[in-house]
Each structure stands twice: as C-alpha cells, then as structure tokens.
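Take a look at the structure below.
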Amino acid sequence: MAKAPIITPQGEDFPRWYQDVLNKAQLAENGPVRGTMVIRPYAYAIWERMVSEMDARIKAAGAQNAYFPLFIPENYLQREAEHVEGFSPELAVVTHGGGKELEEPVVVRPTSETVIGEYMSKWIQSYRDLPLLLNQWANVVRWELRPRLFLRTSEFLWQEGHCAHASQADAAAYADRILREVYEDFMVNELAIPVFTGRKIPEERFAGAINTLSCEAMMRDGKALQMGTSHELGQNFARAFDIGYQDENGERQLCWTTSWGTSTRMMGGLIMAHGDDRGLLVPPRIAAVQAVVILVKDDDAGAVGDSTRRIGAELAAAGVRVKVDDAASTPFGRRATDWELKGVPVRIEVGPRDLAENLVTVVRRDTGEKFPVALNELTVKVAGLLEEIQSSMLSEATARRDAATVTVNSIGEAVEAAATGFARIPFDLLADGGVDELGRSAVTVRCLQLEDGSTPVEDHAPGAIALVARSY
RNA sequence: CGGGUGAUAGCGCAGCUUGGUAGCGCGCCUCGUUCGGGACGAGGAGGUCGGGAGUUCAAAUCUCCCUCACCCGACCA
C-alpha cells in the first residue's frame, strides 16, 4: 500500500521530522508565551519515568532532595561576577508584585547556586557537616532567543544538585561520580543512549565554574546534544556566599562546591537518538507504555475483546506497563500506526484467527519483526522481549554513533566529518584560533578526552583529544 | 537582537495581483457497509481570515502599526 508518509522522513528534513513526531505522537506543543512548552500526558509520563530512575540514582549517590524558592533576590546573582555575567542576558526579572513596584527586583531562578549557597552557608558550621549533598527537582527560566521544544525552552524542568565539600579533591571526585554513576549510567542503561563524557573547554564552561564535565550524545542526524553537565565550582560560590567550616584543628576553611543538572532536554535526546521514519521509539525501561494489547477485530459475542482485556490484565499483573486498545470501531491499521508513532516497544495483536489457535501476534517496534506467541507463554516472552529490545536499541545506537565518529588530523577534515557526525581531533591542532575556525563552520568542541577515553583533569592536558561536532 | 519568509477551520493549504456571499484536503461528529497495516459512501459540525488602526458604499484582499511563528547569523541544560 503506497500511502503518503505519515511523518516527514528523517532524511528529507530532520527538523521537520522532529516537529512531526512531537505533533503526531502528542508529545508537546508551544505554550502561549514564546519559548514556553506544554508537555502532553504521554510525554510527561515518560518524563516521570526519567525522574523516578534519576531520583533513585541521585539518592544512591548520597544526595538528599530539598526545595528552594523560585524567586531569587537580584543581588544574589551579582555576588559572583562570572555567574551574573553569564546569566544576565537570559534572566526573567520580576519588577512588580502586589500591584506595586518592588524595591528590589526579583529574578526567576535560572539555576539555584546562589540561593542554595546562601542556605548552605547557614547550615554548614563544622567539617562534620560535610559533605552536604543536596538536589532539587524544579522548573527554571532562561529567556531563550531561539526556542525549540524540549531542546531549548525558556522554562524547563530539571534536577539540580548542589553540594559542598571539604576539599577540592572531594569536590572533583563527586562531580565525576555524578557524571558516571548517575548521568552516564542512566543514559546508557535506561535511555539506551551511549554518551561521550569529557571535560568542557573554558569557553564552554558553566558561568562561575572552574571545570565543567558533560555527557554528549549523538542524534540520528549526526548532531551532538549535551545531555547533562556536572560542575566543579571551585571556591567561587563559597567565597561569594561565605560557605565555610571549622576543620579538625579549629581552623576556618572555605568549602569547595559542585553543581550538576539534567533536564527535559533529555526528552529531545530520547526522541532524536532513537526515533525513525515510523515515529518515536522508546526503550522499554523508560517507556511509560511498554506493550500495547490491541484488539484486531472482535467477534459477534465480544469474546475476542474480552480476551484482549484479560491478556492486558495478566501482563499488568506480571509487572508490564501495558495499555489495552480495544477501540475496534477505529480501523486496525490506523491504531497500529498510532502506537508505532508513539514508539511503544511491543505490540500484541489479538484477533479471532490468533485466538482460534491459542496464540497472539507479537510485533517489535524497533525491528518491525512479527511472530506468533502461544498464549500460555506470553508473559514470559514479553518480559524477555522487552529486555532484548532494550539491549538491541543500545547496541544499534552505539553502532550508529561509532560509525559516524571519525578520527581526523586537520581542521578541514574535522569540519567535513562534522557534516555527518563527530570528529576526534588532537586538541593541540585547535590552538591558535582553531576553535574559532571550527566555529565559522558551526562546529564546536563538545568535550575533551584523553586517548583512552578518560577525562583530563586540567585545561591543557597533554595529548587531549577534542570531540567536535555540530550541536543542538 | 539583525536579515529573509509567513500568519485564512484542530492540522496542511488555496483565495489576495484585479476589493463584492470564505473554500479545498486531512482530521472531527452521525448513519450504513467494512475491518489481520492509515477503509468506503452519504450526511453534518466547525472560521471575529493573527490583533489594532486607516482607505472605501464595500477589505481575507489595499496602507500603516503591533504580535506571533519558521529559516539564516551572535548565547545555552
């Protein structure tokens, strides 16, 4: 059946494809104010899964959740010179409240280092209070000039960790631990998205940080997406907010702070790292709906519909996040297509012909593979299939990324490679304006790694490799 | 914020040059026939033509201002 494609093929126009998926899979749309976003229930359910998995890892890393206010006194931001300089252009500032002009304007948090720093300062007295490991789930506002749903919106949801440590070594170790045990682990094992981790070059650092680490993922158009960052803030904020403690010898010391964040941008990464020409493709572990049981066609007695619902209930009882689609008044093909668009990993088709033989037809969303499964084996088979799809999606994504990542030895080659993917280039070759030269071709340094993939601990580590790409 | 393009039904668009009853496709509702990969027929609902001002007997159409969106350039999770 040669039908017009439901969504724009990726190869034809990737941004258009992204928009189509957002619309057709009912994920998100623009809010009434420029740059704002409405997250629709299906996408929000996936976000809730992300929150739940991330939150568990954050707690396992020792951090505790807390909540700090949305409104921040403007003067807090100004206490850290680089911080205020970095964020000023994108601040939303409240000048009126209660019908009157405020004596001091209040900013809507773009990030919470400053408010949290103020309270850390009060809460930390002794080395016994350290490390203080906090995290909050919140919305933040950064006025964006060119918003894109999920990827760059003026308001977004995120998690921001804020910690105070006794020494620089502890701070560095924790920033790295979060990057690996929380971020990389979550992205690889839950989102099935391989990431390059590494150190940001000074120009790309968080405003006020002495070191920024990041996770960089490759989207299916070969562009990079920064999926998470973890910062060493040195003593910059500790100094500005007087976050200090008395050590074992009774000496007054300044803390070393860190901060780290991941946001709803990960939704954009999920869509663009896995989605194909049939729509979204959600890895089973993060899927809000792992399997849909779809009634193909009922019989006069309604027995097939009853079986469909019973099968759904059995799978749910076995712990599968399942949805029953028994809306037989809508043509089967239409519903099948809709669930594919939404990226549900497993589809279980129940029709009279199947039931006559005590089986159902199971379809994998990732491969399109279709096969019969005996009813009495369904629960076990589905559980196994979900795991298989999860690992297969990760290997597919990894293979795609590695095939599009090349090692080069000149800026010209790097620019060429960045047209379709990532390039690894010795950082030395980018000295003397090389970064700017890349920039003229819209190519940026995503992060620095050492030859063995480990993270450099200084800005000009000998032998550092720059991972460069076009990026979102 | 600069340059370009645009805004007409939920979505995609025509109509504008040459002012004169607001249209098409998809989607939606009803009924019937269908139903194992986006079904078909008949009937129907749905629009202050982005907002405001102006020109005119008359404006979706002409003029001005504003707002918003998309693409391209300077910043970011």
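To find a chain, count down the sequence lines: A is the first, B the second, and so on, and within it residues start at 1.
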Base partner of [N], which must satisfy Watson-Crick or wobble distances under 3.5 Å:
N: B:G23; result: B:C13
N: B:U18; result: none
N: B:G47; result: none
N: B:A58; result: none
N: B:C1; result: B:G73
N: B:C40; result: B:G32
N: B:A7; result: B:U67

Tell me: [atom1] of [X] to [atom2] of [N], nearest whole Å?
X: A:D299; N: B:C35; atom1: CG; atom2: C1'; answer: 13 Å
X: A:D325; N: B:C35; atom1: CG; atom2: C1'; answer: 14 Å
X: A:W47; N: B:A77; atom1: CH2; atom2: P; answer: 15 Å
X: A:D20; N: B:G27; atom1: CG; atom2: C1'; answer: 15 Å
X: A:K342; N: B:G37; atom1: NZ; atom2: C1'; answer: 18 Å
X: A:H231; N: B:A77; atom1: NE2; atom2: P; answer: 6 Å
X: A:E82; N: B:C75; atom1: CD; atom2: C1'; answer: 16 Å
X: A:R152; N: B:A74; atom1: CZ; atom2: P; answer: 12 Å

Same-atom distance ([atom1]) from [N] to [M], integer angstrom:
N: B:C49; M: B:A22; atom1: C1'; value: 8 Å
N: B:C26; M: B:G36; atom1: C1'; value: 25 Å
N: B:U34; M: B:G41; atom1: P; value: 16 Å
N: B:G52; M: B:C57; atom1: P; value: 22 Å
N: B:U63; M: B:G19; atom1: C1'; value: 13 Å
N: B:A59; M: B:C40; atom1: P; value: 42 Å
N: B:G27; M: B:G47; atom1: C1'; value: 16 Å
N: B:U48; M: B:G23; atom1: P; value: 14 Å

| Face-to-face contact A:W158 to B:A77 six-ring, under 5.5 Å, under 30° | no

Indicate, with a heavy-atom threshold strictly under 4.0 Å, whether [X] touches base, sugar-phosphate, or nothing.
X: A:T262; answer: nothing
X: A:P331; answer: base
X: A:E160; answer: nothing
X: A:G261; answer: nothing
X: A:S329; answer: nothing

Which nucleotide wins on minimum distance to the side chain of [X], given the candidates [options]?
X: A:E144; options: B:G36, B:A77, B:C35; answer: B:A77
X: A:R278; options: B:G36, B:G37, B:A77; answer: B:G37
X: A:T361; options: B:G36, B:A77, B:C75; answer: B:G36
X: A:K297; options: B:C35, B:G36, B:A77; answer: B:C35

| task | May I ask you to check whether over 12 heavy atoms, not counting those of A:Q136, lie within 6.0 Å of atom CD? | result | yes

Answer yes or no: is there an ion pair linking [X] with [Y], defined by an N-O contact shorter than 4.0 Å?
X: A:E155; Y: A:R142; value: no
X: A:E216; Y: A:K200; value: yes
X: A:D185; Y: A:R180; value: no
X: A:R199; Y: A:E232; value: no
X: A:E29; Y: A:R40; value: yes
X: A:E314; Y: A:R310; value: yes

| said: Can you confirm whether A:I210 sits close enough to A:L233 that some side-chain heavy atom of one is under 4.5 Å from a side-chain heavy atom of the other? | reply: no

| task | Under 4.0 Å from any atom of RNA chain B, heavy atoms only: list the residues of residues 200-226 of chain A that qualify, in numerical order. | result | A:F206, A:Q226

| said: Which label fits A:F196 and A:F422: parallel for a plane angle under 30°, tilted from 30 to 60°, or perpendicular past 60°? | reply: tilted

| query | How many angstroms lie between CD in A:E82 and CZ in A:F87, if you round to the nearest 0.5 Å? | reply | 11.5 Å

| query | Looking at A:W17, is A:R278 sitting on its ring face, NZ or CZ under 6.0 Å from the six-membered ring centre and within 45 degrees of the normal? | reply | no

| task | Would you kindly check whether a donor in the side chain of A:K370 faces an acceptor in the base of B:G37, or vice versa, at under 3.5 angstrom? | result | yes

| Any N/O donor-acceptor pair, A:R334 side-chain to B:C35 base, under 3.5 Å | no

| remark: Assign each of A:M227 and A:R148 the nucleotide of RNA chain B bearing its closest heavy atom; nearer the 5' end lies the nucleotide of A:R148

| query | If each of A:G439 and A:G333 is mapped to the nucleotide of RNA chain B with the nearest heavy atom, which maps nearer the 5' terminus, i.e. the 5' end? | reply | A:G333

| query | Using a distance-only test with no angle check, is there a side-chain donor-acceptor pair under 3.5 angstrom linking A:T308 and A:D326? | reply | no

| Validation row, ring centre A:F241 to ring centre A:Y76 under 6.0 Å | yes

| request: Summarise protein proximity over nucleotides 5-12 of chain B in one line of letters, 5' to 3': B for base, S for sugar-phosphate only, - for none, counting protein heavy atoms closer than 4.0 Å. | output: --------

